[in-house]
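The structure under discussion appears below in the form of structure tokens.
Not measured: the values here are computed from a predicted model. Residues take their numbers from the sequence shown, with the count starting at 1. Computation of the quantities below employed the complete heavy-atom set of this structure, encompassing side-chain atoms and omitting hydrogens, waters and symmetry-equivalent molecules.
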Amino acid sequence: MLQKCEGIVIRSTDYGETNKIVTVYTREFGKIGVMARGAKKPNSRLSAISQIFTYGYFLIQTSTGLGTMQQGEMISSMRTIREDIFKTGYAAYIVDLLDKGVDDKNPNPFLFELLMQTLNYINDDYDNEIITNIFEMKMLNVLGLYPVMDQCAICGNQDGKFAFSIRENGLICHRCFERDPYRISLSQSTLKLLRLFYYFDLSRLGQISVKEETKKELRMIISMYYDEYSGLHLKSKKFLEQIDKFKDMSQFYHCSF
């Protein structure tokens with residue numbers, strides 16, 4: 001059966017001499033795998049539409065297994081992402097996280113909107129790190145993870161001084177600090193942003209400016225939480241860590257002279 005769908009290419013793998021196997025995250029059907037025959041040929045009508053990060057409409061011949069991409073109409077190539085190695089790195093991690101975090105053919109229109117908005121923000125020169133952190137926090141529920149972010153995970157109090165407890169799965173207040181000697185102290189700015197990223201509507205995002213030390217704390221706590229609870233170990237995350245080291249090194253040399 002021929003089906004038209006709106007989707008974003010999240011993976012594209014060469015298959016044989018001329019074909020590609022393309023994974024598309026669609027609004028209508030969730031994640032689907034399709035064969036794009038002849039897509040490796042430069043003059044193929046499927047060559048551009050089968051590139052990773054491409055957003056468009058796709059005509060798919062569906063089947064119980066791998067479908068076939070018949071044609072596509074590009075809405076955006078996400079060109080700015082493609083032309084910048086740092087943007088490419090963050091976008092690759094985002095689509096990898098979604099790819100590994102969801103099952104095939106399980107529609108989730110909210111998640112489709114989240115992916116589309118996130119890639120658009122990166123393409124439009126918003127802060128790559130912060131946009132990625134927001135996506136990571138929004139993905140937690142999709143992964144079946146529900147950290148307590150609006151009150152103390154132990155006593156339920158909403159006021160006081162807070163820290164993050166990996167063990168207690170969320171924030172704990174000063175009254176309960178002794179319950180977790182390994183709690184992680186975070187700045188008020190970091191705590192505020194963690195809550196904001198978890199709850200707010202990404203479509204309402206305005207211009208954002210976050211201090212470097214706050215970014216480091218956000219990176220650290222989100223990574224620790226994912227390492228503990230998600231079960232995901234992504235190669236694309238290692239590339240981001242290398243980017244962070246490169247940035248830190250650049251800042252060191254900049255400060256040294």
Task: Shortest non-hydrogen separation from A36 to V22 and the atoms involved - done: CB-CG2, 4.0 Å

Open item on the list: Would you say that T23 contacts I32 through its side chain, given a criterion of any heavy-atom pair below 4.5 Å between the two side chains?
Closed with: no

Task: Inter-residue atom distance E129.CD - I222.CD1, 0.5 Å rounding - done: 10.5 Å

TODO: Spell out, as yes or no, whether a donor-acceptor pair under 3.5 Å connects the side chain of D84 to the backbone of F86.
DONE: yes

Task: Contact check, side chains of V95 and I52, non-hydrogen atoms, under 4.5 Å - done: yes

Open item on the list: I'd like to check K87 versus T80 (side-chain heavy atoms, cut-off strictly below 4.5 Å). Are they in contact?
Closed with: yes

Task: Rounded distance [0.5 Å steps], CZ in F112 versus OH in Y55 - done: 5.0 Å

Open item on the list: What verdict does the side-chain hydrogen bond (donor to acceptor under 3.5 Å, both in side chains) test give for E217 and T190, after you've listed the backbone C-alpha separation in whole Å, the side-chain angles of each residue and the deciding distance to 0.1 Å?
Closed with: CA-CA 7 Å; E217 284 195 341; T190 302; 2.6 Å; yes

- [ ] Measure the spacing between CG of L191 and NZ of K161 and express it to the nearest 0.5 Å.
- [x] 10.0 Å

Task: Beyond-backbone contact of L232 with L97, side-chain heavy atoms, under 4.5 angstrom - done: yes

Task: Residues, nucleotides or ligands: over 12 heavy atoms within 6.0 Å of E83 CD - done: yes

Open item on the list: Contact between R37 and K20 at the side-chain level, heavy atoms closer than 4.5 Å - yes or no?
Closed with: no

Task: Common cluster, I85/I131, ILVMFWY with side-chain heavy-atom separation under 4.5 Å - done: yes

Open item on the list: Under 4.0 Å between a side-chain nitrogen and a carboxylate oxygen: does that hold for E168 and R179?
Closed with: no

Open item on the list: Walk me through whether N141 and Y198 qualify under side-chain hydrogen bond (donor to acceptor under 3.5 Å, both in side chains).
Closed with: CA-CA 9 Å; N141 291 175; Y198 187 65; 2.9 Å; yes

Open item on the list: Between the side chains of D96 and K237, is the shortest nitrogen-to-carboxylate-oxygen separation below 4.0 Å, so that they form an ion pair?
Closed with: no

Open item on the list: Using side-chain contact (heavy atoms from CB on, under 4.5 Å), reason through I166 and I184 one step at a time and then give a plain yes or no.
Closed with: CA-CA 8 Å; I166 298 289; I184 301 154; 3.9 Å; yes

Task: Minimum-distance pair of heavy atoms, taken over all atoms of C5 and E28 - done: CB-OE1, 3.2 Å

TODO: For residues G72 and L46, report the shortest heavy-atom separation together with the two atoms involved.
DONE: N-CD2, 4.4 Å

Task: Intermediate values then yes/no, side-chain contact (heavy atoms from CB on, under 4.5 Å), L218 and I130 - done: CA-CA 9 Å; L218 285 166; I130 296 302; 4.0 Å; yes

Task: Value rounded to 0.5 Å, distance of OH in Y90 from OG in S236 - done: 12.0 Å

- [ ] Could you pull out the closest heavy-atom pair between F164 and L186, with the gap in Å?
- [x] CB-CD1, 3.9 Å

- [ ] Return the minimal non-hydrogen interatomic distance between S77 and R82, and the atom names on each side.
- [x] O-NH2, 2.7 Å

Task: Under 3.5 Å: donor-acceptor pair, side chain of H174, backbone of G160 - done: no

Task: Close side-chain approach of V210 to D127, heavy-atom, < 4.5 Å - done: no

- [ ] Answer with yes or no whether the hydrophobic clustering places L66 together with V102; edges join I, L, V, M, F, W, Y residues whose side-chain heavy atoms lie under 4.5 Å apart.
- [x] no

Open item on the list: For a 4.5 angstrom cut-off between non-hydrogen side-chain atoms, does I94 reach L98?
Closed with: no

Task: Donor-acceptor contact present, side-chain S12 to main-chain S50, <3.5 Å - done: yes

TODO: Could you walk me through whether D150 and V148 pass side-chain contact (heavy atoms from CB on, under 4.5 Å), step by step?
DONE: CA-CA 6 Å; D150 59 346; V148 179; 4.0 Å; yes

- [ ] State plainly whether one hydrophobic cluster holds both Y25 and M35, where clusters connect Ile, Leu, Val, Met, Phe, Trp and Tyr through side-chain heavy atoms under 4.5 angstrom apart.
- [x] no

Open item on the list: Under a 3.5 Å distance rule, please check whether Y121 uses its side chain to pair with a backbone N or O of L202 as donor and acceptor.
Closed with: yes

Open item on the list: With a 3.5 Å distance limit and no angle check, can you tell me whether N157 reaches the backbone of C152 through a side-chain donor-acceptor pair?
Closed with: no

Open item on the list: If hydrophobic clusters are built from ILVMFWY residues whose side chains come within less than 4.5 Å, do V9 and I21 share one?
Closed with: no

Task: Sidechain-backbone polar pair: R45 side chain, Q70 backbone, donor-acceptor under 3.5 Å - done: yes

TODO: Would you kindly check if the NZ (Lys) or CZ (Arg) of R79 is within the cone defined by 45 degrees around the ring axis of F53 and under 6.0 Å from the six-membered ring centre?
DONE: no

TODO: Flag yes if more than 12 heavy atoms outside K192 fall under 6.0 Å of its NZ atom; otherwise flag no.
DONE: no

Task: SB check R11 D99 (cutoff 4.0 Å) - done: yes

Task: Polar side-chain atom of S47 near backbone of N43 as donor-acceptor pair, under 3.5 Å - done: no

TODO: Take T26 and F58 through the side-chain contact (heavy atoms from CB on, under 4.5 Å) test and state the conclusion after the steps.
DONE: CA-CA 9 Å; T26 71; F58 299 85; 5.8 Å; no

TODO: Test M78 against every option in N120, T54, T88 by the side chain to side chain contact (heavy atoms under 4.5 Å, CB included) rule and name the one that passes.
DONE: N120

Open item on the list: Main chain of G30, side chain of K105: is a donor-acceptor contact present, judged purely on distance under 3.5 Å?
Closed with: no

TODO: Give the minimum heavy-atom separation between L205 and I208, together with the two atoms involved.
DONE: CD1-CG2, 3.7 Å

TODO: Count the heavy atoms of every other residue, nucleotide or ligand shown that sit under 6.0 Å from OH of Y15, and state whether that count exceeds 12.
DONE: no

Open item on the list: When you measure from the centre of the six-membered ring of Y57, is the NZ or CZ of K4 closer than 6.0 Å and no more than 45° off the axis?
Closed with: yes

- [ ] Nearest 0.5 Å please: distance from the CG atom of L2 over to the OG1 atom of T68.
- [x] 9.5 Å

TODO: For the pair K40 and E17, evaluate salt bridge (charged side-chain N to carboxylate O under 4.0 Å, His left out) and give the outcome as yes or no after the intermediate values.
DONE: CA-CA 8 Å; K40 281 175 67 178; E17 290 185 12; over 6 Å; no

- [ ] State the CG-CD1 distance between L194 and I134, to the nearest 0.5 angstrom.
- [x] 11.0 Å

- [ ] Output yes when a side-chain donor or acceptor of R183 lies under 3.5 Å from a complementary backbone atom of S165, and no otherwise.
- [x] no

Open item on the list: Please check this pair: side chain of K138 against backbone of L115, looking for a donor-acceptor N/O pair closer than 3.5 Å.
Closed with: no

Task: Any E113 side-chain heavy atom under 4.5 Å of R27 side chain - done: yes

Task: Ring centre gap for Y225 and Y229 strictly below 6.0 Å - done: yes

Task: hydrophobic_cluster_shared for Y226 and L145, side chain cutoff 4.5 Å - done: yes

